[in-house]
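Only one structure is covered here, and it is reproduced in the block below.
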Amino acid sequence: MNGLLHQIASGIASGAIYASVALALVMIYQATHHVNFAQGEMATLSTFVALTLIHAGVPFWGAFVLTILLSFALGVVVERILMRPMMNAPVLSSVGVFIGLLLVINALDGWIFGFTIKSFPSPFHAAHPLLGGYVSPHEIGETGLTVVVLTLVWLFFRYTTLGLAMRAAAYNPVSARLCGVRVNRMLGLGWGLAAAIGAAAGIMVAPVVFLDPNMMSGILLYAFAGALLGGIDSPLGAVIGGFVVGVLENLFGAYVVGTELKLTVALMIIVAVLLARPAGLFGRAVQSRV
Amino acid sequence: MDADRTVSSGRFGLTQALGMGAFLAVMVGFAFIADSYHLFQLTMVVAYAVAVLGLTLLTGYTGQISLGQGAFFAIGSYSTAILMANYDWPYWATLPVAAAVSALVGFLIGFPALRLGGLYLALTTFALAVSVPQILKVNALSDFTGGVQGLTMDKAEAPFGLPLTGDQWIYLFSLGVGCLMFLLAWNLTRGRTGRAMMAVREQAVAAEAMGVGLAALKIRTFAVSAMITGIGGALSAIAVQFVAPDSFNFFLSITLFVGLVVGGVDSIPGALFGGAFIEFIPNIANDISKAAPGAIYGAILIGFMFALPRGVGGGVMAMLRRARRRPLPEVR
Amino acid sequence: MPPLLEARGLTAGYGETNVLHGIDFAVEEGGVTALLGANGAGKTTTLRALCGMIRRGGEIAFAGQRIERAATEDIVRRGVGHVPDGRGTFMELTVEENLRLGAYTRRDRAGVAADIARLFDYFPRLRERLRQQAGTLSGGEQQMLAIARALLVRPRLLLLDEPSFGLAPLIVRDIFHILRRINTEERMSILVVEQNASLALDLADHAYLLETGRIVVSGTAAAIRQDEAVRRSYLGY
């Protein structure tokens, strides 16, 4: 029983990370109908930047905030330089560009920061075991912080005019322009925001899985699965899907098939769910047109 | 505009026939001038081109995105390797089995694919790509698959006492099989079936209204695509003489996908260029920068997509169209 | 006084195909101009060209400034409200959010609130549906929402693309009645595109008849109504 609780708790903790990355994916998907396969690598790059700042003597939270801002800028730049010229290209070609970007960042990470696995400090410590010792202080802090970030994002989209304009630009760019919304700028903002969210996720997961250039590739896959499980056009669904995937993954790894095959089994389950609900748990079925 | 493309690629005039013949002559000629290392590379180009060709049919023609084509490649490779290493089959006899096993798996994957479109299918196939190396490593199967160590095979030799080295022969053999596959694909995509496949990509509902048996066609395409890619895998196993689970990680699937988009998603000759890209660009990238070859590779890929968003196949078509002074079809 | 909007030699099209072959027209300050014509004559294309939504050439002067090179967003910000064909409703958003988007370019919160209150006088139905998803509105309600959204930009010129399209006759009458009030009470200049010529001529003071991308007849609404060709082909008597 204790073991089960422990597994569920750490499942929620990793689910928080998947939820963040899944949200980043969904945000870009909604705005551009592309899945950013490089989202994970961008987050890894941000995490390396954060580690470099910390090693240079910047206090953890200072490095955190600075990295988030830099990542935002990185997202804006990537959209401007790589995505905008491809706006009218066939979808599969854009996928090619995303893959290229993934390879470039991955290789640059290894070249600049090295391929060795690095430990990453956690900002969360506790003098006593928390919640009966089922969860580590980092797991609590990381989950809490992720929930705060996700809530802020939700409040931003729900209640601010800028958030509304970004949603409008994603849903109906033509009408948004006719309302005076600068749609291209909104796309850039969306990319920036997604990169910032990814960076926060990377910094939060690095103390657990350690940092190397391939840190996020597995996480991206789980996040992608979570996003599809929830419904690729539903931000809330993506977040819930991320948590579900995290818990499932941990339980399967611990009790059913062992860590070797847990990825396979988790994916199989998701495919099974999708067969029952092809648009995801919270997604809308796409209308077919004749 | 797609109809237009079919017409121009379907017309097989004298010029095309001569071009093809010349091209084949050059390819065969390589067997006698290239050294064994370059012959090996060219054999791999053919193997990858065949693998990309399978993806061209599936993703390019019916628009079903497969990020897991590497799984079929692996299945073809392992079918050949298991038969050669464990049962002493000759290399050539393994090809039909590799084709059949890959086609069967493709057929089975085709069923969930019926219900899942777009990204959902991409994820499903991706899951397949991720799970195949994991399954290959499972201990219970290791008597069969060689586990993490993989399997080693003997080198194939030229038959009938032909005065050819093993490398020359394997290259020519692969070239012959490759030609067969390209002819098969070319035959499949022109005429009625090809039009039906593209109708599936453009407008599934309309295709059904046209009387295209959507379900049967999709499943069949999946099976054929898997079979062709599986044969590509078998050819590569024969050339490399070794298989191990880690050669078939999901990165292989990504690589095949890259081959597809640089060649042009719905261009059959483009698949050949895709195969060459897969084989040579990593080496070129490595020559340019030893420190971060991946970055160069990625940059080349991005630059390529910027310059030719429709791949080499699409680019050549556009050039031909311009040369014939045909106006571009109206984009609505 | 120069007209509020003046187009000279306006061409426009999609891809490499031209739809408009150089047309001249004008909208007077405070006036209502109608563009008439059959399906495919280039009416919607004209409105899209004015707002920079498609490739175009020629000269467009709005309020004394040339706008033929400006981006859609900037043309809107200079005071052109556009009710596009298909109404451009943000289906996934609520009615209230749709209205907030209409006022996106404005910073005067009090002014926006007052404008919304005034618009509810014209369109009381929208007040009742404020929290509803816009996609659940009826066609007539969506048309009202689209007009309200365009007016919240506080435009000097309102472009209307087939406001009668797909609506029941009673609702069409309502909407044209409201448009008349908006023109007189707010001194709003209007350029309306309509297939229903009789309806449009009732509202308009000037009209142009488009045929395959060229203007074939122009004049005051009263004169156009008398024109033999127009009467036979477009008014049906």
Side-chain angles (χ1 to χ4, degrees), chain A residues 26-33 80 84 87-90 154-190 230-238 279-280 282-289, chain C residues 15 44 47-48 50-55 70-107 109 112 133-135 142 145-155 157-161:
Chain A
V26 165
M27 281 173 53
I28 292 196
Y29 179 79
Q30 278 200 324
T32 60
H33 290 267
R80 186 70 197 82
R84 204 167 296 173
M87 219 175 237
N88 297 318
W154 179 74
L155 289 173
F156 169 74
F157 278 111
R158 182 72 187 73
Y159 290 106
T160 69
T161 305
L162 189 59
L164 177 65
M166 285 174 72
R167 279 192 290 156
Y171 287 136
N172 193 337
V174 175
S175 279
R177 284 206 171 86
L178 289 179
C179 292
V181 176
R182 299 194 189 282
V183 171
N184 287 343
R185 208 174 284 176
M186 296 303 136
L187 287 181
L189 275 180
I232 189 78
D233 55 3
S234 159
L236 179 65
F282 300 89
R284 282 165 303 138
V286 180
Q287 295 282 328
S288 40
R289 65 207 160 93
Chain C
T44 296
L47 294 196
R48 286 184 183 157
L50 288 179
C51 278
M53 296 157 79
I54 51 172
R55 179 178 59 73
T72 306
E73 295 94 304
D74 295 311
I75 294 173
V76 171
R77 283 160 191 258
R78 284 186 195 184
V80 178
H82 188 155
V83 180
D85 91 307
R87 306 178 187 114
T89 312
F90 296 98
M91 303 284 185
E92 296 87 348
L93 304 180
T94 64
V95 170
E96 188 183 14
E97 288 171 325
N98 268 270
L99 293 174
R100 272 171 65 200
L101 280 166
Y104 174 73
T105 53
R106 293 171 57 182
R107 294 287 166 263
R109 278 160 179 268
V112 172
Q133 255 205 350
Q142 283 191 34
L145 177 60
I147 296 171
R149 212 177 53 222
L151 287 174
L152 276 171
V153 178
R154 259 218 178 147
L157 171 67
L158 185 62
L159 308 181
L160 295 159
D161 199 337

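Both backbone and side-chain heavy atoms feed into the values below; hydrogens, waters and symmetry mates do not. So that the names make sense, note that chain A is the first sequence line, chain B the second, and so on, each numbered from 1. Note that the structure is a prediction, hence the values are computed from the model and not measured.
Scanning all heavy atoms of the two residues, the minimum distance from A/Cys179 to C/Val76 falls at C-CG1, 4.1 Å. Pairing each heavy atom of A/Val183 with each of C/Glu73, the nearest pair is N-OE2, 3.6 Å. Of all non-hydrogen atoms in A/Gly180 and C/Thr105, the two that sit nearest each other are CA-CG2, 3.8 Å. Residues C/Phe90 and A/Ala176 approach most closely at CZ-N, 3.5 Å, considering heavy atoms. Across all their heavy atoms, A/Met186 and C/Tyr104 have their closest contact at CE-OH, 3.4 Å.
Contacts of A/Val174 with chain C are made by side-chain atoms alone, with heavy-atom separations under 4.5 Å and no backbone atom involved. Interface remark: C/Leu93 contributes side-chain atoms only to the contact with chain A (heavy atom separation under 4.5 Å).
Considering only heavy atoms from C-beta on, C/Met91 stays 4.5 Å or farther from A/Asn172 through its side chain.
The line from OG1 of C/Thr94 to CG of A/Leu164 is 8.0 Å long, rounded to the nearest 0.5 Å. Note: A/Arg182 CZ to C/Asp74 CG = 4.5 Å, rounded to the nearest 0.5 Å.
Taking C/Arg149, C/His82, C/Glu97 one by one and counting their heavy-atom pairs under 4.5 Å with chain A, the maximum is reached by C/Glu97.
More than 12 non-hydrogen atoms from other residues, nucleotides or ligands lie less than 6.0 angstrom from CZ of C/Arg55. No more than 12 heavy atoms of other residues, nucleotides or ligands shown are found within 6.0 angstrom of CZ on A/Arg80.
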